[in-house]
Protein chains: 2
Amino acid sequence: MSKATIKDVARVAGVSLKTVSRVINNEPTVKEATRKKVRAVIDDLKYQPDMSARNLRGNKSYAIGLVYDNPNPYYVVDVQEGVLKACREMGYSLQIHPCDAAHDGIVQELCDLVNNSRLAGLVIAPPVSENEAITNALAEHGIHFVRIISASEPPKGKAPCVYVNDRAAARSVAEHLIDHGHTRIAFLSGEEEHLSTPERRAGFKEALKAHGISVDDSLVLPGAYSFDSGFERATKLMERSDRPSAIFGCNDEIAAGALAAVKTSGLTVPGDVAIAGFENSPFSQHSRPPLTTAAQSIGEIARQAMMLLIAEMRPQALAEGEVQTTTAEFVPELIERPSTA
Amino acid sequence: MSKATIKDVARVAGVSLKTVSRVINNEPTVKEATRKKVRAVIDDLKYQPDMSARNLRGNKSYAIGLVYDNPNPYYVVDVQEGVLKACREMGYSLQIHPCDAAHDGIVQELCDLVNNSRLAGLVIAPPVSENEAITNALAEHGIHFVRIISASEPPKGKAPCVYVNDRAAARSVAEHLIDHGHTRIAFLSGEEEHLSTPERRAGFKEALKAHGISVDDSLVLPGAYSFDSGFERATKLMERSDRPSAIFGCNDEIAAGALAAVKTSGLTVPGDVAIAGFENSPFSQHSRPPLTTAAQSIGEIARQAMMLLIAEMRPQALAEGEVQTTTAEFVPELIERPSTA
DNA sequence: GGTCAACATGACAACGTTGACTATTCAGTC
DNA sequence: GACTGAATAGTCAACGTTGTCATGTTGACC
């Protein structure tokens with residue numbers, strides 16, 4: 001009762017193994033009538049090709065790896081679901097690979113992963129995807145991969161890439177604050193190694209400049225993508241006599257920390273200080289008041305990444321008309337909530 | 001340069017394919033000298049057996065599936081890492097399978113998963129693992145699996161199981177509150193479908209009784225494992241004239257919501273109301289004040305689950321002396337933080 | 001009607017591994 | 001020295017799929 005093989009399909013449909021194989025793989029040289037007949041049998045028997053056999057036979061593989069090193073589980077889980085969904089649709093299996101981007105042997109580790117697990121390609125999430133030493137090395141080893149990165153324009157280089165325009169989104173958030181009358185706005189950065197930090201900060205500064213507001217560098221503070229880091233920096237800011245009237249956290253965790261700090265200082269949000277975050281994580285939804293933020297549909301981004309990867313690996317697998325691009329842009333969307341009202 | 005096969009090893013070592021296979025699989029009928037020689041060549045060539053070929057050949061498979069439906073990404077990511085680590089150690093590959101436990105076709109879905117992906121077995125996390133309709137059906141289909149559940153004693157039935165003694169841990173948390181002089185303690189439940197809810201509540205009640213405190217049922221409130229649900233219930237509690245002096249949230253999200261509610265009501269924590277959570281999630285670490293909670297080492301639990309599963313599937317794979325148990329207990333540990341000081 | 005190309009299909013081997021079976025070696029025994 | 005049985009090693013086929021190459025089938029054109 002368990003396994004229907006290509007053999008069964010061939011027997012029932014009255015054709016050869018190879019013809020079934022051709023139908024499965026969308027090869028063109030099959031008569032339409034035959035194709036239909038075989039498809040019907042496939043549906044009927046609920047046949048699904050066996051990954052192991054496929055991988056074994058060709059040097060082609062139908063497994064892809066998802067590489068990430070992200071401190072934010074919400075992000076990780078969303079990316080996983082998006083990629084997994086796309087994998088299922090396209091008949092691939094998924095191998096997750098959490099790793100340490102700072103680890104010395106990371107390149108070797110990824111090469112071994114691809115070889116040992118016979119992976120067709122990799123989807124690489126930030127921050128690993130933003131480390132050029134790593135991606136260049138992978139490209140040299142002839143490994144197929146697609147990156148998800150933070151950038152304001154298509155990256156050069158031939159490797160496919162999905163880029164999230166954090167800069168444009170950060171501009172929107174900053175403009176939102178400016179529209180509400182704020183001119184002294186603090187910016188709490190994340191780690192500099194994450195491209196999202198300079199990108200979001202650039203968007204912030206661009207918005208100020210566009211509105212003729214000069215940037216006060218003493219309000220642009222380095223730090224980390226964590227609640228504690230946000231709390232600490234905001235606490236210091238609140239002690240200053242020239243404290244800002246608004247705080248823009250480079251992500252929601254920082255903003256949530258800042259929110260806690262402002263309240264701890266006895267000030268109100270948004271009355272005394274407006275606060276905005278980035279990423280639309282539960283931190284922004286669960287704080288009191290909920291935080292204005294920018295949302296990216298991670299699932300859709302992950303899906304798109306998979307599609308680009310497949311296009312690169314097996315161009316023929318895609319339907320005729322589909323566009324052959326190697327990059328895709330996503331712009332997170334401003335979500336207004338009470339923290340800036 | 002990429003692939004060393006069993007053939008290469010055999011040639012270099014001057015033995016037959018089969019002998020190498022025997023060495024790899026720890027079969028006993030190989031002379032020690034031969035075994036050593038082959039092992040050396042294997043290391044030398046960095047040979048690693050090909051999963052696809054293995055899976056294809058035997059009906060045995062070296063892939064296991066991780067099934068979960070959990071709204072808490074922190075938990076999911078930790079479980080993934082724990083299981084993945086154990087998989088690597090034991091030479092298995094891992095296939096993640098997020099799913100909807102309430103979905104009608106879930107049993108069929110899991111059976112198909114096992115058949116189509118040729119999985120050797122499943123690691124099932126709560127709450128899917130606690131749905132007996134599902135696990136019984138899987139057992140009937142002859143599918144190997146191990147459950148991670150919440151329970152205060154080894155479950156009956158032959159399927160291997162890792163049980164987390166939430167009841168005992170909840171007793172510790174409640175006793176901690178009692179030790180601090182609280183007698184009117186509210187308990188904010190999670191969803192009743194999650195076994196952890198009745199278990200933790202039972203531990204809470206046991207502690208009260210053990211200290212001669214009668215349970216006030218109007219302080220034991222049903223709800224959901226969410227920030228909002230905690231916020232809502234705590235807000236109502238704070239409006240009561242006979243408000244409790246302490247709140248025990250069934251998890252940290254509930255507790256964090258309660259914390260926000262208490263502060264919103266103009267009361268202080270822990271001054272007016274003490275608050276404790278459960279799970280040691282970042283919610284408990286990031287709130288102000290940080291929350292007293294109970295911590296389980298999810299990674300270790302996941303690892304242990306994998307070991308039990310392997311023991312069930314391939315008893316011979318384990319080293320000689322290793323104990324052959326089918327259940328393992330973990331007791332979360334009390335972590336005292338300022339929210340109850 | 002015969003020729004040729006284009007299209008459609010099939011036969012067979014091969015991917016890397018292991019199970020079932022067979023062959024060899026080597027003590028120990030009569 | 002031939003006979004056992006256990007210990008050790010090898011041969012071969014098979015898992016489900018697809019690439020290569022060969023074959024059959026169609027239709028258009030002279």
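Quick note: numbers below take in every heavy atom, side chains included, and nothing from hydrogens, waters or symmetry partners. Bear in mind the structure is a predicted one, so any value in this text is a computation, not a measurement. So that the names make sense, note that chain A is the first sequence line, chain B the second, and so on, each numbered from 1.
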Send over the distance from A:D8 CG to D:dG16 C1', rounded to a whole Å. 11 Å

Please work out which of the three classes, parallel, tilted or perpendicular, describes the rings of A:Y92 and A:Y62, given edges at 30° and 60°. tilted

Let me know the distance between CE of B:M51 and P of D:dT17, rounded to the nearest Å. 20 Å

Nucleotide nearest A:K18 when distance is taken to its side chain, options C:dA20, C:dA11, D:dG16: C:dA11

From the options C:dC15, D:dT11, C:dA8, select the nucleotide whose nearest atom is closest to the side chain of A:T34. C:dA8

Does D:dC15 have its OP1 or OP2 closer than 4.0 Å to a side-chain nitrogen or oxygen of A:S52? no

Looking at the side chain of A:T5, which of D:dC15, D:dT17, C:dT17 is the nearest nucleotide? D:dT17

Which is more 5' along DNA chain D, the nucleotide nearest A:L56 or the one nearest B:V30? Just name the residue. B:V30

Hey, is the side chain of B:Y62 poking within less than 4.0 Å of OP1 or OP2 on C:dT18, counting only N and O atoms? no

Check whether more than 12 heavy atoms from other residues, nucleotides or ligands sit under 6.0 Å from atom NZ of B:K37, and answer yes or no. yes

Taking CZ from A:R118 and P from D:dT17, how many angstroms apart are they, rounded to a whole number? 16 Å

B:E132, CD atom: more than 12 neighbouring heavy atoms under 6.0 Å: no

With A:R54, the side-chain contact (heavy atoms from CB on, under 4.5 Å) member among A:S93, A:P49, A:S61: A:P49

In whole angstroms, how far is the C1' atom of C:dG10 from the CZ atom of A:R11? 17 Å

Distance in angstrom units between B:E27 CD and C:dT18 C1', rounded: 8 Å

From the set D:dG16, C:dT17, C:dG10, return the single nucleotide nearest to any side-chain atom of B:R57. C:dT17

For B:T29, which contact category applies under a 4.0 Å heavy-atom criterion: base, sugar-phosphate, or nothing? base

Go through C:dG10, C:dT17, C:dG16 for me and flag the one nearest to the B:Y47 side chain. C:dT17

Does B:N55 place a side-chain N or O at less than 4.0 Å from the phosphate oxygens OP1/OP2 of C:dT17? no

State, to 0.1 Å, how close B:V77 and A:P73 come at their nearest heavy-atom pair, and which atoms those are. CG2-CB, 3.7 Å

How many Å lie between NZ on B:K7 and C1' on D:dG10, as a whole number? 16 Å

Sugar-phosphate only, base, or nothing, as touched by A:R35 at under 4.0 Å among non-hydrogen atoms: nothing

For a quick check, tell me whether the side chain of B:R22 and the base of D:dG10 share a donor-acceptor pair closer than 3.5 Å. yes

Between P of D:dA9 and NZ of B:K37, the distance in whole Å: 8 Å

Atom CG of B:L17 and atom C1' of C:dC15: how far apart are they, to the nearest Å? 13 Å

Does a side-chain N or O from B:R54 land closer than 4.0 Å to OP1 or OP2 of C:dT18, or not? yes

Side chain of A:K31: nearest nucleotide among C:dT9, D:dG10, D:dT17? C:dT9

D:dG10 phosphate, OP1 or OP2, under 4.0 Å from B:T19 side-chain N/O: yes

Of B:I149, B:I148, B:L308, B:T326, which is the lone residue that meets side-chain contact (heavy atoms from CB on, under 4.5 Å) with B:C161? B:I149

Side-chain N or O of B:S21 less than 4.0 angstrom from OP1 or OP2 on C:dT18? yes

